[in-house]
Amino acid sequence: MDEIAASSPARLHAASEPPRLVLEGAWTAAGVKAEALIAAAAQALSALPEGPVALEAAAQAELDTVGALVLEHIAAEAKAKGRVLDFSSLPPAWQATRSLIAHVAQRTPPPAPEPFSGFAYIGKVAVDLARHYRDMLAFIGEVTLHLLPLLVRPWRIRWDSVIVEIEAAGVRAVPIVALLSFLIGVVLAYQAGVTLDRFGANVFIADMIGVVVMREMGPMIAAILVAGRTGSSYAAQLGSMRVTQEIDALRSLALPPVEMLVIPRFLALAITLPLLTTLANAAGVLGGMVVATGGFGLDWTVGLQRLGRLENTHYWVGLVKTPVFATVIALIGCQAGMSVRGSALEVGRATTSSVVQAIFWVIVLDAIFSIAFRRLGL
């Protein structure tokens, strides 16, 4: 009998002594018909005298969150008509269920979005950039303070970590750097060869390939690949360590995270990038020579002689950029990872940001170097 009573549809009726609404049946998702109950409650309240009205649950009645939400709607409708419902007579279990959905009934609509303002947007971007580069300067200062004592006492550097990072950033990057540099040399030789062939100047393809690859394309391609491959891994690794509180654990053990995590990566990239650039130069020149000899009839011996006559300045001009590129890539990647706050979502954002910033600054610095070398006559 109890199951039959509890499973019956929800209903209510008014009782006048004292004024109250008696709730019966299953005030659950299966037994509630919200619109009918709200209308029945309004009708029952109209039959009761003015003043507070208590709610009372029958012995076999039951309630879940759906029924509790309907009760909140009934109370809101009664309040709009000047009637007050008293829930204090309901059983403790019903009171607990009502507390679960109390915040739902009190929700307020979100504020209307502010109208778009171009000046406000520009100001926000400017403030964000200022904060970012302020944090970057602070990070550079922190790295410098830890690095200078280590240069005086190099035996304190974690060389085992440096070697591991060299293997990850350098050795594993050899295939992709060599392949893409070779293909860049192929493209340059084709583009230059089509034009030079019209004037019978195929012999100068070797000169053009040697100068362009060693001065510009070799260092830039190597730096961009390292920024996308290694710089992003630095941001992701350190960002994950921030999220899992491993960096906080190092600080709690009085181990400086910059010395333990950042400086080995910085030194590894400073050693690796010049070597990768030399590889990129060789692969790019080889790709150009393959096209020059196979597609435009340049003799290998003549091409090698032309390359041998090039000044060593072209190689050193390209190579001198690489420590600067390595420093920028390492600092941007590590700072992005160390600045992660919150969830794993921030790790992805930091990784993306580090790649974009590193590639941007590599290209900007390359342009600055080109202008400076031109002014210096190099």
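Please read all numbers here as calculations on a predicted model, not as lab measurements.
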* **Derivation of the side chain to side chain contact (heavy atoms under 4.5 Å, CB included) call for Phe369 and Val324** => CA-CA 10 Å; Phe369 273 118; Val324 180; 3.8 Å; yes
Taking everything shown except [X] itself, do over 12 heavy atoms lie less than 6.0 Å from its [atom1]?
X	atom1	value
Trp316	CH2	no
Tyr133	OH	yes
Glu311	CD	no
Gln191	CD	no
Tyr190	OH	no

[atom2] on [Y] to [atom1] on [X], rounded to 0.5 Å:
X	Y	atom1	atom2	value
Glu72	Lys79	CD	NZ	11.0 Å
Leu276	Phe325	CG	CZ	14.0 Å
Arg251	Gln245	CZ	CD	12.0 Å
Glu142	Asp135	CD	CG	11.5 Å
Leu147	Ile263	CG	CD1	5.0 Å
Glu259	His146	CD	NE2	6.0 Å

Indicate, with yes or no, if [Y] and [X] share a hydrophobic cluster defined by side-chain heavy-atom contacts under 4.5 Å among Ile, Leu, Val, Met, Phe, Trp and Tyr.
X	Y	result
Leu304	Val186	yes
Ile166	Tyr234	yes
Ile140	Val328	yes
Ile209	Leu179	yes
Val364	Ile332	yes

List the atom of [X], the atom of [Y], and the distance in Å for their closest heavy-atom pair.
X	Y	answer
Ala280	Ala222	CB-CB, 4.3 Å
Ile329	Ala358	CG1-CB, 4.3 Å
Gly25	Ser8	CA-OG, 3.5 Å
Ser232	Ser354	CA-OG, 3.9 Å
Pro154	Trp159	O-NE1, 2.9 Å
Ala223	Val362	CB-CG1, 3.8 Å

Backbone N/O of [Y] and side chain of [X]: donor-acceptor pair under 3.5 Å:
X	Y	answer
Thr322	Leu319	yes
Thr278	Pro274	yes
Ser252	Ala249	yes
Ser353	Arg349	no

* To do: Apply the test side chain to side chain contact (heavy atoms under 4.5 Å, CB included) to residues Val347 and Arg242: give CA-CA distance (whole Å), side-chain angles for both, the deciding distance (0.1 Å), then the verdict.
  => CA-CA 9 Å; Val347 177; Arg242 287 284 302 181; over 6 Å; no
* Asked: Can you list the steps and then say if Thr28 with Leu63 is a side chain to side chain contact (heavy atoms under 4.5 Å, CB included)?
  -> CA-CA 5 Å; Thr28 63; Leu63 179 78; over 6 Å; no
* **side chain to side chain donor-acceptor pair (under 3.5 Å) between Glu165 and Ser161, worked out** => CA-CA 6 Å; Glu165 295 298 334; Ser161 298; over 6 Å; no
Find out whether [X] and [Y] are in side-chain contact, i.e. whether some heavy atom of one side chain is under 4.5 Å from a heavy atom of the other.
X	Y	answer
Ile205	Arg306	no
Arg215	Tyr315	no
Met338	Pro257	yes
Val174	Leu279	yes
His73	Leu69	yes
Val262	Gln335	no
Leu148	Val152	no
Ser339	Phe139	no

* Option among Arg158, Gln237, Met241 that satisfies the side-chain contact (heavy atoms from CB on, under 4.5 Å) test with Leu261 -> Met241
* Asked: Pick from Thr277, Leu310, Val317: which one makes a side-chain contact (heavy atoms from CB on, under 4.5 Å) with Met214?
  -> Leu310
* To do: Decide side chain to side chain contact (heavy atoms under 4.5 Å, CB included) for Val340 and Leu238; before the verdict, give the C-alpha distance in whole Å, the side-chain angles of both, and the deciding distance to 0.1 Å.
  => CA-CA 8 Å; Val340 168; Leu238 297 179; over 6 Å; no
* Asked: Looking only at side chains, do Ser370 and Glu216 share a donor and an acceptor under 3.5 Å apart?
  -> yes
* Distance-only polar pair, side chains of Thr301 and Gln305, donor-acceptor under 3.5 Å -> no
* Asked: Do Lys124 and Asp128 meet the salt-bridge criterion of a basic N to acidic O distance under 4.0 Å?
  -> yes
* **Salt-bridge contact Glu346-Arg341 (side-chain N to carboxylate O under 4.0 Å)** => no
